[in-house]
Colleague: 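Just passing along the structure, written as structure tokens.
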Amino acid sequence: MAKVILKNLVKYYSKEKVIKNLNIEIEHGEFVALVGPSGCGKTTTLKLLSGLLLPDQGQILLDKEEITFLPAEQRDIVMVFQDHLLFPHLSVAENVAFGLKMLGVSKKIRMEKAKALLELVHLPGIEQKYPGQLSGGQQQRVALARALALEPKVLLLDEPLSNLDPTLREEMRELILQIHRKLNMTTVFVTHDQNEAMLLADKIAVMLEGQILQYDTPYNLYNHPVNKKIASMFGVCNYLEGNIHNNNFFAKGKKISIPHFLDNGEFVACVRAEHIEICSPPQKECFSGVIEDKKFSAGQSIIKISTDLGLLTAVVKNHIDIELGSRMYFKIEWNRVWFQKRGESCEDFHHNSHLERGQQNITNIKNDKAACG
Amino acid sequence: MGVSMDKKQLVHKIIVMIFFILLMSPFLILLLWAFSKVWTAGSIFPHDWGLRGWQYILNPQNKILSVIGTSIFLSLAVTLVATIISIPAGKALGLYDFPGKNIVEILVLAPIIIPPITIGMGIHVIFIKYGLVDTFLGVLLIHLVVVMPYGIRIFASVYKAMGLKWEEQSKILKANNWQRFIYVTLPFLKPGLITSGILMFNVSFSQYFLTFLIGGGKIVTLPLVLFPYINSGDRVIGSVISLIFILIALIFMFIIERVITDPKQKSSYYYL
Amino acid sequence: MKYKPYLYLAPALLVLTIFFLGGLVFALLQSFGYFPVLGLTQFTLKYYLLVVKQKEFMASLTFTLYIAFVSTFLSTIIAIYLANYMVNLKQKNKVIDFMYKLPIAVPHIVAALMIVFLISQGGFLARIFINLGVINESGQFPPVFYSRNAIGIITIYMWKEIPFITLMIYTVMKNIHGKLNDVAATLKASPWQVFFQVTLPLSMPSIISASAIVFAFSFGAFEIPFLLGATYPKALPVWAYYNYISPDLYNRPIAMVITIILTSVCVMLVGLYYLFMKKYLRQWG
């Protein structure tokens with residue numbers, strides 16, 4: 001079993017507070033992704049977990065045992081770095097077996113294990129090669145095998161995919177997932193790519209400026225983001241400003257009845273691009289708009305529509321041929337829209353403090369009620 | 001146009017060729033002298049060839065062999081001690097930021113810039129006072145001062161290029177302090193060991209003034225023996241000693257590269 | 001964690017502080033007339049004035065600067081030319097690569113001996129001239145050693161220093177050239193323009209650093225001017241040495257004054273070089 005608890009962690013770099021009171025609980029066997037822009041403290045968090053850095057405050061518990069100040073080499077936690085960092089002077093097998101050698105495991109067992117692990121990462125028979133002779137994807141897989149050789153309780157992955165090209169990245173992602181399922185190893189994965197996080201993780205911790213904004217399942221992050229920032233991170237969002245009065249939303253002279261009860265006041269409606277649909281044929285409640293831009297991609301098109309409500313971005317299916325400049329009709333799935341109360345904190349998107357305060361201002365709308373027309 | 005380009009290139013080629021002939025000609029003269037028997041003034045080539053100089057060197061009575069021994073031993077000892085001291089110092093300067101780093105960097109650069117004559121004459125009194133004059137230890141210590149800055153600077157740049165990441169990676173893989181140094185850091189230091197080893201050995205091996213001043217004629221090295229031959233004395237013997245001097249430097253270079261370079265390594269991954 | 005770097009530095013700093021700084025401080029103290037062994041404990045500028053007032057001082061300083069400057073300047077120019085030639089070679093010429101590095105491994109004393117055999121009045125060149133009938137006897141060959149023009153000494157330094165500077169700047173120039181040559185060429189620069197507009201300015205820091213080291217060395221070197229220099233004026237290190245070994249111990253402070261002046265010039269030069277570098281590097285952000 002390997003349950004990890006990070007409690008009230010604080011870390012300073014010289015005088016700057018880079019981790020501000022961080023709390024996460026990771027259950028045994030869980031795959032957790034840490035997501036955030038570069039410099040938000042993801043990698044620092046990972047290094048605190050691994051023991052390469054020691055926190056200034058707080059605790060780290062592994063299975064209820066405190067490991068906060070245990071040196072890295074004594075923890076049952078292994079990390080794979082962004083650069084593969086394979087030792088260039090050692091063969092692939094020696095690299096994979098390096099950790100075991102450090103622990104004094106006999107050569108025979110070491111080499112057997114290295115062989116088995118290389119098979120696990122789909123690289124059989126390259127034991128005698130040197131890292132310089134491998135491709136980028138192979139190097140990263142060997143690095144993974146090297147980490148797994150120690151049979152850690154917790155596996156930490158620091159952006160292991162970011163240096164790979166798209167096809168290799170997908171392959172590696174599948175491999176990581178497959179190994180995780182096979183070994184059921186508690187895994188923490190750092191990435192700046194929220195899509196990658198959604199694809200891989202059981203739970204995602206969104207980090208910004210040394211804090212966790214939301215720690216939740218991908219489902220909840222998409223459907224119930226705690227604020228605009230997270231809403232925009234996990235998908236494209238349109239923000240419509242307006243007022244709510246008697247359960248009607250008034251925006252730009254339009255009146256829309258909303259399916260849930262909300263207080264009267266000034267609100268921002270957050271409309272996901274995928275929740276705007278093209279109506280054909282047009283229905284009563286549809287808006288019309290002129291197609292300003294379209295980007296075609298496999299699976300779906302992203303279009304920009306100029307409407308009475310402003311410029312909206314929508315994601316639509318590809319089976320409708322859309323012509324630039326043409327007028328089309330569309331509707332918004334209002335039962336999936338959520339509203340955020342407008343206040344000073346929400347007005348200023350870039351204001352730092354809006355994120356903390358945003359949590360209180362937000363009103364989530366449950367979408368389990370009946371859909372409206 | 002093509003013709004003029006070729007002409008230009010030819011001119012450069014000729015200039016460079018003349019340069020290299022001039023650069024190499026001293027070696028040829030040295031070889032001629034070293035293997036001549038009679039070479040009277042005024043004639044371009046030796047009249048007779050022989051091994052007179054070599055016989056003189058090999059004759060134990062002339063003590064040249066023991067001088068060669070002392071020289072090699074001294075410079076090896078200096079290089080070894082300097083390397084051991086330079087590696088951690090290079091690590092500190094290459095990897096860490098700490099108060100006073102600038103001053104240390106200047107202190108490490110200074111012995112390369114400040115003439116040895118100043119340091120030697122200044123410290124001479126102290127060496128006399130503590131009985132270090134005329135001793136092997138004294139010469140070794142003063143050589144260390146001249147040689148160490150090169151080592152420290154080289155190792156600092158190797159450590160800087162290497163960064164902390166490899167040490168972190170090996171820590172993650174359960175290596176303790178010594179294991180990290182032996183299995184990970186040392187292989188990365190190899191090119192630095194080669195360069196600094198050759199450089200430090202050479203600087204020590206050709207050091208004249210400090211050996212002369214501190215060794216006081218009791219510690220005799222090759223430069224001291226060769227010194228008088230430059231403007232007087234038997235040119236044949238001088239040439240042979242010079243040739244041996246050059247050969248030892250080259251052999252040391254060759255050996256150190258052979259010993260330190262691991263033929264198994266195929267990839268060139270070093271900071272170079 | 002905080003004390004770690006100091007611990008790593010401790011042995012090196014110990015050696016450098018005691019033997020290097022110690023030497024420097026004692027030289028400085030003695031130059032100010034503090035010499036307890038002789039019963040001199042008063043600080044005085046007497047010896048500085050004594051040295052500066054001597055006619056030989058200016059002559060000696062000029063002579064030393066002349067040797068160092070001419071040899072460094074010529075070596076630098078030739079080294080740049082050579083490095084640029086090598087950079088422009090289509091593939092690495094192993095013979096050239098070996099030959100130009102060879103003098104680096106040769107000690108200065110051996111270099112001196114070889115050059116003496118080559119260009120002294122009894123040397124190889126003089127013998128060729130005699131046999132060609134250009135001169136009748138070796139005495140007619142222009143003296144390059146023990147002379148005030150110091151051509152012999154400068155030649156020895158150049159023979160050692162051209163390869164050294166070339167080695168120091170070749171890799172840098174090669175990298176710059178490799179990265180920017182094609183770009184510059186597509187922008188219609190001729191090979192000479194590429195050299196003067198791109199390669200040379202970008203490799204300036206390493207060129208200056210190499211020549212600063214060489215200058216400091218040839219300015220402070222003792223052996224070669226001692227053996228092959230003129231009787232008057234003497235190079236500063238030689239002059240200092242003669243004062244140092246003088247049986248009259250009261251000449252010791254004078255020797256120290258000379259070496260301190262020698263050191264100050266070296267330090268000033270390196271200081272200037274640092275300032276220049278800082279400015280130069282700041283331009284490029």
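Bear in mind that the values here come from a model prediction, so they are computed numbers and not experimental data. By convention in this document, chain letters (A, B, ...) are assigned in the order of the sequence lines, proteins followed by strands, and residues within each chain are numbered from 1.
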Colleague: Measure distances from C:Ile109 to the heavy atoms of chain B and classify the residue's part below 4.5 Å as side chain, backbone, both or neither.
Modeller: both
Colleague: Which atoms of C:Ser120 come close to chain B, meaning under 4.5 Å heavy atom to heavy atom: side chain ones, backbone ones, both, or neither?
Modeller: side chain
Colleague: What option among C:Leu102, C:Leu262, C:Val267 has the most heavy-atom pairs under 4.5 Å with chain B?
Modeller: C:Leu102
Colleague: Among C:Ala27, C:Pro11, C:Ala12, which residue forms the greatest number of heavy-atom pairs with chain B at distances under 4.5 Å?
Modeller: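 Most heavy-atom pairs under 4.5 Å with chain B: C:Ala12.
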Colleague: Quick check for you: to the nearest 0.5 Å, what is the distance between C:Tyr8 atom OH and B:Ile87 atom CD1?
Modeller: 12.0 Å
Colleague: Could you tell me if the side chain of C:Phe117 sits less than 4.5 Å from the side chain of B:Leu32, heavy atoms only?
Modeller: no
Colleague: Under 4.5 Å heavy-atom distance to chain B, tell me which part of C:Ile96 shows up: side chain, backbone, both or neither.
Modeller: both
Colleague: Quick one, B:Leu93 and C:Leu9 - any side-chain contact, counting heavy atoms below 4.5 Å?
Modeller: yes
Colleague: Would you say the side chain of B:Ile126 lies within less than 4.5 Å of the side chain of C:Ile18, judging by non-hydrogen atoms?
Modeller: no
Colleague: Which atoms of B:Phe98 are under 4.5 Å from chain C, going by heavy atoms: the side chain, the backbone, both sets, or neither?
Modeller: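 Both parts, backbone and side chain.
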Colleague: Where does C:Met256 contact chain B at under 4.5 Å (heavy atoms): side chain, backbone, both or neither?
Modeller: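 For C:Met256, the contact with chain B is made by the side chain alone.
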Colleague: Can you say whether B:Val108 sits under 4.5 Å from chain C via the side chain, the backbone, both, or neither, judging by heavy atoms?
Modeller: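 For B:Val108, the contact with chain C is made by backbone and side chain together.
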Colleague: Contact part of B:Ile119 toward chain C, heavy-atom cut-off under 4.5 Å: side chain, backbone, both or neither?
Modeller: both
Colleague: At a heavy-atom separation under 4.5 Å, does C:Ala111 approach chain B through its side chain, its backbone, both, or neither?
Modeller: neither
Colleague: Can you tell me which portion of C:Ile78 sits under 4.5 Å from chain B's heavy atoms? Options are side chain, backbone, both or neither.
Modeller: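 The side chain, not the backbone.
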Colleague: Can you see which heavy atom on B:Arg235 is nearest to which on C:Gly123, and at what distance?
Modeller: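 For B:Arg235 and C:Gly123, the tightest heavy-atom pair comes out as NH1-CA, 4.4 Å.
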Colleague: For the residue pair B:Phe212 and C:Tyr241, does the interplanar ring angle fall in the parallel (under 30°), tilted (30 to 60°) or perpendicular (over 60°) class?
Modeller: tilted
Colleague: With side chains defined as the heavy atoms from C-beta onward, is the minimum distance between C:Leu16 and B:Pro111 less than 4.5 Å?
Modeller: yes
Colleague: For the candidates C:Ala212, C:Gly122, C:Ala126, C:Pro107, which exhibits the highest count of non-hydrogen atom pairs separated by less than 4.5 Å from chain B?
Modeller: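 Among C:Ala212, C:Gly122, C:Ala126, C:Pro107, the one with the most close pairs to chain B is C:Pro107.
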Colleague: Under 4.5 Å from any heavy atom of chain B, what part of C:Phe217 do you find: side chain, backbone, both or neither?
Modeller: neither
Colleague: Only pairs of heavy atoms separated by less than 4.5 Å count here; which of C:Val116, C:Asn131, C:Ile162, C:Leu24 has the most with chain B?
Modeller: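 Highest number of heavy-atom pairs under 4.5 Å: C:Asn131.
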Colleague: Contact part of C:Glu223 toward chain B, heavy-atom cut-off under 4.5 Å: side chain, backbone, both or neither?
Modeller: both
Colleague: Answer with side chain, backbone, both or neither: which region of C:Phe219 has an atom nearer than 4.5 Å to a non-hydrogen atom of chain B?
Modeller: neither
Colleague: Taking all non-hydrogen atoms of both residues, which atom of B:Asn231 and which atom of C:Leu227 are closest, and how far apart?
Modeller: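 Heavy-atom minimum between the residues: ND2-O, 3.1 Å.
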Colleague: Would the C:Phe19 and B:Phe127 ring centres measure less than 6.0 Å apart?
Modeller: yes
Colleague: Flag the pair B:Phe227 / C:Phe226 as yes when at least one side-chain heavy-atom distance between them is below 4.5 Å, and no otherwise.
Modeller: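 A side-chain contact exists here, since the closest heavy-atom pair is under 4.5 Å.
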Colleague: Which region of C:Phe215, side chain (C-beta onward) or backbone (N, CA, C, O), has a non-hydrogen atom less than 4.5 Å from a non-hydrogen atom of chain B, or is it both or neither?
Modeller: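 Neither the backbone nor the side chain of C:Phe215 comes within 4.5 Å of chain B.
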Colleague: Please flag which part of C:Phe222 lies under 4.5 Å from any non-hydrogen atom of chain B: side chain, backbone, both or neither.
Modeller: side chain
Colleague: Identify which part of C:Phe145 has an atom lying under 4.5 Å from any heavy atom of chain B, answering side chain, backbone, both or neither.
Modeller: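 Answer is neither: C:Phe145 stays 4.5 Å or more from chain B.
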Colleague: Between C:Tyr6 and chain B, with a heavy-atom cut-off of 4.5 Å, which part of the residue counts as in contact: side chain, backbone, both or neither?
Modeller: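 Interface part for C:Tyr6: side chain.
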Colleague: Is there a side-chain contact between C:Leu236 and B:Pro115 in this structure, where contact means two heavy atoms from C-beta onward sitting under 4.5 Å apart?
Modeller: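 SC-SC contact between C:Leu236 and B:Pro115 ruled out.
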Colleague: For the interface with chain B, which of C:Asn88, C:Ile115, C:Ile128, C:Ile213 has the highest count of heavy-atom pairs at distances below 4.5 Å?
Modeller: C:Ile128
Colleague: To the nearest 0.5 Å, how far apart are OG1 in C:Thr17 and CG in B:Leu107?
Modeller: 5.5 Å
Colleague: With a 4.5 Å cut-off on side-chain heavy atoms, are B:Met121 and C:Phe26 touching?
Modeller: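 A side-chain contact under 4.5 Å is absent here.
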